Amino acid sequence: MEEPSEKEDLVVGQSNKVHSPAVSVKISSIILEPFQWLSMLCRELNPSFVFGVLLVYGLSQGFAGSFFRVVTDFYWKDVQKLQPSAVQMFMGFYYIPLIMKPLWGLLTDVFPISGYRRRPYFRIAGITGVVASIIIATYDKLAIPAALLCLVGMVAAIAIADVTIDACIAKNSIERPELAADMQSLCGFVSSIGALVGYSTSGLFVHSFGAQGALGLMAIPSLLLILLGFVIFELRVRHPSKKENALEKVGVAMRGMGRTIRCPQVWKSSLYMFISLALSFSTHEGHFYWYTSSKGGPAFSQEFIGMIYAIGAIASIVGVIIYHKFLKDYPFRSLLFYAQLLYGFSGMLDLAFVLRWNLRLHLGDSLFIIIEECCSRIISRVRWMPMMVLSAKLCPLGIEGSFFALLMCIDSVGSLLSKIVGALVLHGLHVTRTDFDKLWVAVLIRNLLRFATLGMIFLVPDVNQSEILVSEEVVDAGEEEEMESLQLVKMEGKVEEEEII
């Protein structure tokens, strides 16, 4: 091979000199872009609002929510020493604060405290979480009902803060519609990052401090919620609305939600989402006990359990990207049909793992569970995203916040039912702390019900995701004034406001 000439070396050297600064500038731009984006949001909205989104979505919902999920499993198993069916039943109580989201939303919208609609509710959420965390971490022999009450209180703290920051986001989205997409992107990104960190560190903290000590760390995000309740920017209503006016606004909202839920496309879609969640009953606790068992199970360590969920969080982000890049233009019915079909097939990986078919294929337990977790999380996210878009499309103007909370409440009831049914199935099949012989039967029944849900796909509207579904039918000429009065709720008292730093 001929060596390059001296002239060619000179040309290459000059070319590198020309392009190297450009490459460096491009890399620097990519690194600085997220910080510039955050700076823009702080400048256009308010630094305290951006701080609130980072705190609630990133630390409270993302980190604390994922951390709570793993640590409580070890708390019930190692501290309270309960059977998996009992834990599965108790986990259903976690959904009570989520089911009450419409109530939290109405309280923050209609019943201000000392002239503030948001700040006091952040403090209430923080105090609730701190008290519950300290109690459960301090008492070694806490009675099961008291322990359950504390855990529900910790979930309530997350739920109340979530609803309150969502109200702030909705307000800013109305006032600055050009930044609405940026706000939702910020929420989704920090929530995913928080979940990744929570899952990654949960097993390490359980191993180092025990389940009780790890639950005590949940007081830190709650303390920051209290701080948020003092620093977040909010205009104070000098003369809050009278009780009669507040109750009247509640009545307007309730009547609007009643009219909307009676629309065929609304109740049919809501029924499908409810059925798809309820029929796919949860066998999570049976799997968790089996994962950590050395008698027939893979005997995963505490650290590895957390790492599995962390990998699942990364897979969820991949699912969001797949939906956003390739699937957001498909009709609801077609997309949900194939997503549900894949959801059923992904459950068969659970069945293969419980029956240890992976060993016959010479796939180790660690590798197989990572494959299974990635597949199921990606498919679950692809299945969940169009449901969220559909839920938003079902909300009429004027009561979109309250009605969206109602739809999320219906979904939470479906998830609650899936926990209860799963607990009954595990108990009926005698799946215990040490007996997993019939766990595969529970998984098989669950998978068959996932496929059975396909028979209800006709309830989903066969329309594109960009089409309007209900606004023209729900808000007719005779109801427009009532809807407009609801939209003007937050304008009352605006003449007499004072800024609070």
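Nothing here was measured: the structure is a model prediction, and the numbers come from that model. As a basis for the values below, the full set of heavy atoms in this structure was taken, side chains included, without hydrogen atoms, waters or symmetry mates.
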Taking atom CD1 of Ile261 and atom CD1 of Ile410, what is their separation to the nearest 0.5 Å? 4.5 Å

Exam field: side chain Asp365 to backbone Pro298, donor-acceptor pair closer than 3.5 Å: no

Do Arg333's NZ or CZ and the ring of Phe458 fall within the cation-pi criteria of under 6.0 Å and 45°? no

Shortest non-hydrogen contact from Ala339 toward Ile379: O-CG2, 3.9 Å

Going by the ring-ring contact (aromatic ring centres under 6.0 Å, His included) test, which pairs reach into residues 358-385, not counting sequence neighbours? Phe353-Phe368

I need the Met387 CE to Met273 CE distance, nearest 0.5 Å. 7.0 Å

For Phe345, enumerate each residue passing the ring pair (Phe, Tyr, Trp, His ring centres under 6.0 Å) test, keeping only those at least two apart in sequence or located in another chain. Phe451

Answer whether the closest heavy-atom distance between the side chains of Phe51 and Asn46 falls below 4.5 Å. no

Between Phe63 and Phe67, how do the two ring planes meet: parallel, tilted or perpendicular, split at 30° and 60°? parallel

With sequence neighbours left out, the residues meeting salt bridge (Lys or Arg N to Asp or Glu O under 4.0 Å) with Arg446 are Asp350

Indicate yes or no for a side-chain donor-acceptor contact from Ser380 to the backbone of Arg377 under 3.5 Å, with no hydrogens or angles considered. no

Counting distance only, does the side-chain N/O of Ser208 pair as donor-acceptor with the main-chain N or O of Phe205 below 3.5 Å? no

Examine distances only and state if a side-chain atom of Ser334 and a backbone atom of Tyr330 form a donor-acceptor pair shorter than 3.5 Å. no

Which pairs pass side-chain hydrogen bond (donor to acceptor under 3.5 Å, both in side chains) with one or both residues in residues 63-73, sequence neighbours excluded? Arg69-Tyr199, Asp73-His284

Salt bridge (Lys or Arg N to Asp or Glu O under 4.0 Å) contacts in which one or both residues fall within residues 89-102, not counting sequence neighbours: Lys101-Asp162

With a cut-off of 6.0 Å (strictly less than), are more than 12 heavy atoms of other residues, nucleotides or ligands near CZ of Phe304? yes

Report the distance from atom CD of Gln265 to atom OG of Ser270, rounding to the nearest 0.5 Å. 10.0 Å

Test item: Val87 and Lys77 side chains (from C-beta on) under 4.5 Å apart, heavy atoms: no

State whether the side chain of Gln340 and the backbone N or O of Thr453 hold a donor-acceptor pair below 3.5 Å, judged by distance alone. no

Is the shortest heavy-atom distance from the side chain of Trp76 to the side chain of Lys81 under 4.5 Å? no

List the steps and the verdict of side chain to side chain contact (heavy atoms under 4.5 Å, CB included) for Leu215 and Met154. CA-CA 10 Å; Leu215 285 173; Met154 295 163 73; 4.0 Å; yes

Applying side chain to side chain contact (heavy atoms under 4.5 Å, CB included) to Phe274 and Asp411, what does each step give before you reach the verdict? CA-CA 6 Å; Phe274 172 81; Asp411 290 347; 5.6 Å; no

Donor-acceptor pair, side chain of Glu373 and main chain of Ile311, under 3.5 angstrom: no

How many angstroms lie between CG in Asp78 and CD in Gln212, if you round to the nearest 0.5 Å? 11.0 Å

Give a yes or no on whether Tyr338 atom OH has more than 12 heavy-atom contacts from other residues, nucleotides or ligands under 6.0 Å away. no

Between Ser293 and Tyr289, is there a donor-acceptor pair closer than 3.5 Å when you use the side chain of the first and the backbone of the second? no

Work out which heavy atom in Gln83 is nearest to a heavy atom in Arg433; give both atom names and the distance. OE1-N, 2.8 Å

Quick check: are there more than 12 heavy atoms from other residues, nucleotides or ligands sitting under 6.0 Å from CH2 of Trp440? no

When the ring centroid of Phe230 is compared with that of Phe122, is the distance short of 6.0 Å? no

Minimum side-chain heavy-atom gap Val354-Phe436 below 4.5 Å: no

What pairs of donor and acceptor atoms, side-chain ones from residues 125-135 against any protein atom, are under 3.5 angstrom apart with sequence neighbours left out?
from: Thr128; atom 1: OG1; to: Ile124; atom 2: O; distance (Å): 2.8
from: Ser133; atom 1: OG; to: Gly129; atom 2: O; distance (Å): 2.8

Look at the side chain of Thr283 and the backbone N and O of Gly286, then say whether any donor-acceptor pair between them is shorter than 3.5 Å. no

With the side chain counted from C-beta on, respond yes when Ile314 and Leu196 share a heavy-atom pair under 4.5 Å apart, and no when they do not. yes

With a 4.5 Å cut-off on side-chain heavy atoms, are Ser412 and Ile99 touching? yes

For Ser276 versus Arg383, what's the shortest heavy-atom pair and its separation? O-NH2, 3.1 Å

Output, in order, the C-alpha distance, side-chain angles, deciding distance and verdict of side chain to side chain contact (heavy atoms under 4.5 Å, CB included) for Leu416 and Phe93. CA-CA 8 Å; Leu416 169 61; Phe93 287 91; over 6 Å; no

To check you understand the geometry: which heavy-atom pair defines the closest contact between Ala211 and Val79, and what is its length? CB-CG2, 4.2 Å

Flag this pair as yes if the NZ/CZ of Arg450 is under 6.0 angstrom from the six-membered ring centre of Tyr343 and inside a 45 degree cone about the axis; otherwise no. yes

Ignoring hydrogens and angles, tell me if any N or O in the side chain of Asp437 forms a donor-acceptor pair with the backbone of Leu439 under 3.5 Å. no

Specify whether Phe300 and Tyr291 have parallel, tilted or perpendicular ring planes, treating 30° as the upper limit for parallel and 60° as the lower limit for perpendicular. tilted

Polar side chain donor-acceptor pair, Gln80 to Tyr75, under 3.5 angstrom: yes

Does the side chain of Ser269 come within less than 4.5 Å of Leu459's, by heavy atoms? no

Considering all heavy atoms of both residues, which atom of Leu429 and which atom of Ala442 are nearest to each other, and what is their separation? CD1-N, 3.5 Å

Just how far is it from atom CG of Leu454 to atom CE of Met456, taken to the nearest 0.5 Å? 11.5 Å

Please find the pair of heavy atoms, one from Leu98 and one from Ala159, that lie closest to each other, and give the distance. CD2-CB, 3.9 Å

Keeping the roles fixed (side chain from Trp104, backbone from Pro97), state whether a donor-acceptor pair exists under 3.5 Å. yes

Spatial distance of atom CD1 (Ile136) from atom CG (Leu149) [nearest 0.5 Å]: 9.5 Å

Could you tell me whether the side chain of Leu349 reaches within less than 4.5 Å of the side chain of Cys375, counting heavy atoms only? yes

Check against side chain to side chain contact (heavy atoms under 4.5 Å, CB included), Phe68 and Tyr94: CA-CA 11 Å; Phe68 177 87; Tyr94 299 167; 3.8 Å; yes

